[in-house]
Amino acid sequence: MKLYALKAKYGTYQSMIQALYPERVKSYYGISYREDEDFSESIKTLKFRIALDHNDRKNPNLKYIGTDFYNGPNIINNETGGYNLDFYTVSPKMKEVLEHLNLPKHRFYPIMLTIDKGKELTYFILQIDSSMIPYTDVSKSSFYGLDLKLKQVHHYEIGTFKTEEEIDEKIPSDIFVRDKSMYINQELDWVYMAPYFMISEKSKKLFEEHNLIDLEITPFYEMGAGMYNELGFRKEYGGREIIINGRSTMDGLDINDFERKEE
């Protein structure tokens, strides 16, 4: 099974959307919302603009090129001590495509996006669930934990835990737990494995057929790790896999196919 990491591609304009708060609300106070609830009314109090890069100041004649996919906005929640909730911003065309895919729990919020002074276009904020626990069969998944203090990696093989509650109870809070083999028990076209959403072959084909632009799509196992990842592999997701209803990203591959750090 092929999956692809999805990122907003940096182009002439930055790939980030900024939220602008009304004068009566200081930006660091943010707005009130619950992560799992609709907060359309709060969204209506904000304005949004493209975070322009230095070229905008050097060349005021730059033309907007119709980007379909942005990172952000990041909106501060004043009820959680400043927790920053991440979103994506998508064009109407991309929203229409996404409606033909099986996504984790999500909502769209219509906004007017300022792309230049005095010029606005219709876009949609995409709020999408990045927690895969509701879609994961924990008993069929494996994990690893990072002990940053002792600089150790702990491995928890398939069957070690039955539920998310067991993970929380049995692993100390100072160990950072990450998925090693994530078993998704329902059909999803987007699956989150930090720090990116992984998209299906169907998603990729629809994006290409509809000529969506400024989406950076990279095969799962081609994401570079810089040096070596936490499991000792050269590629960012080496030693890890995503399984969707029995179909694995490792189908047809062998763990020895991946370059790993020599002991």
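For reference, positions follow the sequence shown, starting with 1. Values below: all heavy atoms of this structure, side chains included; hydrogens, waters and symmetry mates excluded.
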Kindly give the heavy-atom pair with the smallest separation between [X] and [Y], and that separation in Å.
X      : Y      : answer
Tyr183 : Gly246 : OH-N, 3.3 Å
Arg240 : Tyr221 : O-OH, 2.6 Å
Ser181 : Glu241 : OG-OE2, 2.9 Å

Between Glu41 and Lys44, is a salt bridge (charged side-chain N to carboxylate O under 4.0 Å, His left out) present by the stated rule, with each step listed?
CA-CA 5 Å; Glu41 294 307 311; Lys44 290 177 183 178; 3.2 Å; yes
Residue Glu216 excluded, over 12 heavy atoms near CD under 6.0 Å:
yes
Crowded around Lys180 NZ? As in, over 12 foreign heavy atoms under 6.0 Å?
yes
Would you give the length of the straight line joining atom [atom1] of [X] to atom [atom2] of [Y], rounded to the nearest 0.5 angstrom?
X      : Y      : atom1 : atom2 : answer
Asn185 : Met132 : CG    : CE    : 11.5 Å
Phe108 : Gln127 : CZ    : CD    : 11.0 Å
Phe143 : Ile158 : CZ    : CD1   : 9.5 Å
Lys47  : Ile111 : NZ    : CD1   : 11.5 Å
Arg49  : Gln18  : CZ    : CD    : 4.0 Å
Ser200 : Leu188 : OG    : CG    : 9.5 Å

Would you check, one step at a time, whether the test side chain to side chain contact (heavy atoms under 4.5 Å, CB included) holds for Met16 with Asn71?
CA-CA 5 Å; Met16 176 63 72; Asn71 289 317; 3.9 Å; yes
[X] side chain to [Y] backbone, donor-acceptor under 3.5 Å:
X      : Y      : result
Thr249 : Ile242 : yes
Asp214 : Asp68  : no
Thr89  : Gly72  : yes
Asp257 : Asp254 : yes

Could you check whether any side-chain heavy atom of [X] comes within less than 4.5 Å of a side-chain heavy atom of [Y], counting everything from C-beta outward?
X      : Y      : result
Ser141 : Asp179 : no
Phe207 : Phe69  : no
Phe258 : Met250 : yes
Phe197 : Tyr88  : yes
Lys204 : Lys2   : no
Ile17  : Ile50  : yes
Leu215 : Met94  : yes
Lys105 : Tyr135 : yes

Run the side chain to side chain contact (heavy atoms under 4.5 Å, CB included) test on Trp190 and Leu101 for me, step by step, so that the C-alpha distance in whole Å, both residues' side-chain angles and the decisive distance to 0.1 Å come before the verdict.
CA-CA 8 Å; Trp190 283 36; Leu101 297 171; 4.0 Å; yes
If hydrophobic clusters are built from ILVMFWY residues whose side chains come within less than 4.5 Å, do Leu231 and Tyr237 share one?
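Yes, it is one cluster - the side chains of Leu231 and Tyr237 are joined through contacts under 4.5 Å.
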For His210 and Glu96, what are the C-alpha separation, side-chain angles and deciding distance, and is it a side chain to side chain contact (heavy atoms under 4.5 Å, CB included)?
CA-CA 10 Å; His210 288 80; Glu96 185 177 343; 5.9 Å; no
Got a sec, which pairs hit salt bridge (Lys or Arg N to Asp or Glu O under 4.0 Å) with one end in residues 185-202, sequence neighbours left out?
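Pairs touching residues 185-202 that pass the test: Glu187-Arg247.
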Parallel, tilted or perpendicular, judged at 30° and 60°: which one describes the rings of His155 and Tyr144?
tilted
Modelled atom types, side-chain donor and acceptor of Ser142 and Glu157, under 3.5 Å:
no
Can you tell me if Ser139 and Asp137 form a side-chain donor-acceptor pair at under 3.5 Å?
yes
